[in-house]
Participant: 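The structure follows.
Position 1 is the first residue of the sequence, and the numbers go up from there. As a basis for the values below, the full set of heavy atoms in this structure was taken, side chains included, without hydrogen atoms, waters or symmetry mates. These figures come from a predicted structure and were not determined experimentally.
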Amino acid sequence: MTRSTALLLALTACGEPLPSQDLDLVAVGSTEIALDLATARVEALLLKDCDTGEVIEIPIEETLDLRDPTPLGVPSGLWCDLGVDFGDDPFDGTLHLEGVGGDGRAFDLALDPGVATMGRDVLLEGDEAVLVLEAGPWLAAAGLDQPGDDVSLGPDDADAEALADTLGAHLVLTTPTDGPAIYIDLWPWEPIHFEASADVSFETQGCGGNTTVEPVEPVDDPEADADADGDADTDIDTDTDGDSDVDSGGSSGGSSGSSGCEGNGCGGSSGSSSGCDGSSAGCSGGSTGCSGGASCSGALCSTSGVLPPAVWLVGLIVLRRRRD
């Protein structure tokens with residue numbers, strides 16, 4: 001548990017815990033000023049209560065990558081001001097920016113802004129919000145969007161102190177949804193997308209017991225057969241009925257049976273319209289399967305490639321949301 005989360009759990013209003021949400025801190029350049037590096041040491045986030053004027057301090061105490069930020073927990077609601085306490089480091093600075101400005105002009109800035117506030121009301125509505133440091137117009141005000149010599153500033157340089165004093169005026173509150181439309185091609189995150197994965201298996205029930213059926217591999221040439229007689233079947237004659245003789249009749253079943261009972265069905269019954277022995281499907285009176293679940297002494301259910309009557313599909317689909 002982070003310190004900011006622990007503090008939020010302790011914050012109460014009229015005895016009730018305050019609702020909380022995520023707030024990200026990012027830095028964005030402009031078409032004239034590109035940021036290659038943006039890091040900040042953040043001691044705390046500050047929120048000013050509109051009713052009492054009290055400033056609520058949410059400890060962070062982390063060095064954040066403003067190009068790949070970490071969500072920070074804050075209480076939601078209407079506040080009269082929002083600020084960032086960058087701490088104090090007069091030697092090395094607490095905000096470090098590197099990049100390229102106008103006409104390829106490189107800059108390396110180490111700043112010590114202390115506390116920077118927006119100076120206006122903010123509404124945290126409970127959804128994820130983003131506090132944006134608009135580094136493009138901020139650094140452009142210092143002339144870094146214009147051609148010139150490379151710039152390297154330390155926290156005690158006069159130009160660095162003047163720049164740090166104006167940081168709060170360039171803090172803007174937005175959302176991950178609205179940000180890409182405002183900062184076109186500059187938003188530090190790729191669009192959010194969804195990934196799905198599935199694990200699917202088939203289970204059969206009926207004649208022959210429970211069986212797992214594997215998918216059939218596709219055939220490269222569906223018109224190809226294994227013989228050389230010129231027709232589309234795999235036997236050695238020239239007719240198209242699928243057997244090895246030269247007549248046009250099939251080989252399964254009796255002379256008058258239409259769905260294969262003698263020799264390849266349920267044991268010699270013939271003349272039935274579907275299945276054997278007058279049953280609607282299956283053998284010996286069974287409505288599904290064979291003889292109420294037996295193999296019926298034939299190959300229709302227990303050994304043939306025909307699927308048994310009941311097929312069950314079992315699947316697991318996992319949906320994940322992530323940013324690139």
Participant: Once rounded to the nearest 0.5 Å, what's the spacing between atom CG of D159 and atom CG of L153?
Facilitator: 6.0 Å

Participant: Show your working on side-chain contact (heavy atoms from CB on, under 4.5 Å) between D112 and D88 and close with a plain yes or no.
Facilitator: CA-CA 6 Å; D112 190 25; D88 182 24; 2.9 Å; yes

Participant: Examine V100 and V151 and state if one hydrophobic cluster contains both, with Ile, Leu, Val, Met, Phe, Trp and Tyr joined whenever side-chain heavy atoms are less than 4.5 Å apart.
Facilitator: no

Participant: Using 0.5 Å steps for rounding, measure from the CG atom of L139 to the NE2 atom of H170.
Facilitator: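 Going from CG on L139 over to NE2 on H170, the span is 8.5 Å.
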
Participant: Work out which heavy atom in A142 is nearest to a heavy atom in L163; give both atom names and the distance.
Facilitator: CB-CD1, 3.9 Å

Participant: Shortest non-hydrogen contact from T175 to V130?
Facilitator: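 Answer, listing the atom of T175 first, then V130: C-CG2, 3.9 Å.
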
Participant: How far apart are the closest heavy atoms of L45 and L72, and which atoms are they?
Facilitator: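 Smallest interatomic distance, heavy atoms only, reads CD1-CD1, 3.9 Å.
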
Participant: To the nearest 0.5 Å, tell me how far D89 CG sits from R41 CZ.
Facilitator: 10.0 Å

Participant: Within the structure provided, determine whether L111 and P155 are in side-chain contact (heavy-atom separation under 4.5 Å).
Facilitator: no

Participant: Which pair of non-hydrogen atoms, one from L95 and one from L167, has the smallest distance, and what is that distance?
Facilitator: CD2-CD1, 3.5 Å

Participant: At what distance, to the nearest 0.5 angstrom, does CD of E98 lie from OG of S152?
Facilitator: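 The OG atom of S152 is 9.0 Å from CD of E98, to the nearest 0.5 Å.
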
Participant: Hey, quick one: are L25 and L46 part of the same hydrophobic cluster, counting side-chain heavy atoms closer than 4.5 Å, chains of contacts allowed?
Facilitator: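 L25 and L46: separate clusters.
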
Participant: Taking the side chain as every heavy atom from C-beta outward, state whether F107 and D150 have any atom pair closer than 4.5 Å.
Facilitator: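 A side-chain contact is absent here, since even the closest heavy-atom pair is not under 4.5 Å.
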
Participant: When rounded to the nearest 0.5 angstrom, what distance separates OG1 in T166 from CD in E161?
Facilitator: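 The CD atom of E161 is 12.5 Å from OG1 of T166, to the nearest 0.5 Å.
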
Participant: Are L124 and I56 linked, directly or through other ILVMFWY residues, by side chains that come within less than 4.5 angstrom of each other?
Facilitator: yes

Participant: Parallel, tilted or perpendicular, judged at 30° and 60°: which one describes the rings of W187 and Y183?
Facilitator: parallel

Participant: Assess whether side-chain contact (heavy atoms from CB on, under 4.5 Å) is satisfied between W79 and D49, documenting all intermediate values.
Facilitator: CA-CA 6 Å; W79 305 93; D49 190 291; 4.2 Å; yes

Participant: Quick one, L133 with L171, criterion side-chain contact (heavy atoms from CB on, under 4.5 Å). Give me CA distance, side-chain angles, the key distance, then yes/no.
Facilitator: CA-CA 5 Å; L133 169 58; L171 292 175; 4.2 Å; yes

Participant: Any non-hydrogen side-chain atom of D145 less than 4.5 Å from a side-chain atom of S30?
Facilitator: no

Participant: Do the side chain of D165 and the main chain of A162 share a donor and acceptor less than 3.5 angstrom apart?
Facilitator: no

Participant: Check whether any side-chain heavy atom of L82 lies under 4.5 Å from a side-chain heavy atom of V74, and answer yes or no.
Facilitator: no

Participant: Sub-3.5 Å donor-acceptor pair from the side chain of W138 to the main-chain atoms of A169, do we have one?
Facilitator: no

Participant: Going through the checks in order, is the side-chain contact (heavy atoms from CB on, under 4.5 Å) test met by D81 and M118?
Facilitator: CA-CA 6 Å; D81 205 352; M118 296 181 65; 3.9 Å; yes

Participant: Under a single-linkage definition using a 4.5 Å side-chain heavy-atom cutoff for Ile, Leu, Val, Met, Phe, Trp and Tyr, are L37 and L66 assigned to the same hydrophobic cluster?
Facilitator: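 Different clusters: L37 never reaches L66 through Ile, Leu, Val, Met, Phe, Trp or Tyr contacts under 4.5 Å.
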
Participant: What heavy-atom pair brings P113 and T94 nearest, and what distance separates the two atoms?
Facilitator: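 For P113 and T94, the tightest heavy-atom pair comes out as CD-OG1, 3.4 Å.
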
Participant: Quick check against the 3.5 Å criterion: does Q21 have a side-chain atom that pairs as donor or acceptor with the backbone of D127?
Facilitator: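 At least one qualifying donor-acceptor pair exists.
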
Participant: Would V172 end up clustered with L186 when hydrophobic side chains under 4.5 Å apart are linked, directly or stepwise?
Facilitator: yes

Participant: Give me the atom names and distance for the closest heavy-atom approach of T39 to D65.
Facilitator: CG2-CA, 4.5 Å

Participant: CG/L47 to CG/L78 distance, rounded to the nearest 0.5 angstrom?
Facilitator: 10.5 Å

Participant: Main chain of Q146, side chain of R105: is a donor-acceptor contact present, judged purely on distance under 3.5 Å?
Facilitator: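 Yes, because the side chain of R105 sits within donor-acceptor range (under 3.5 Å) of the backbone of Q146.
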
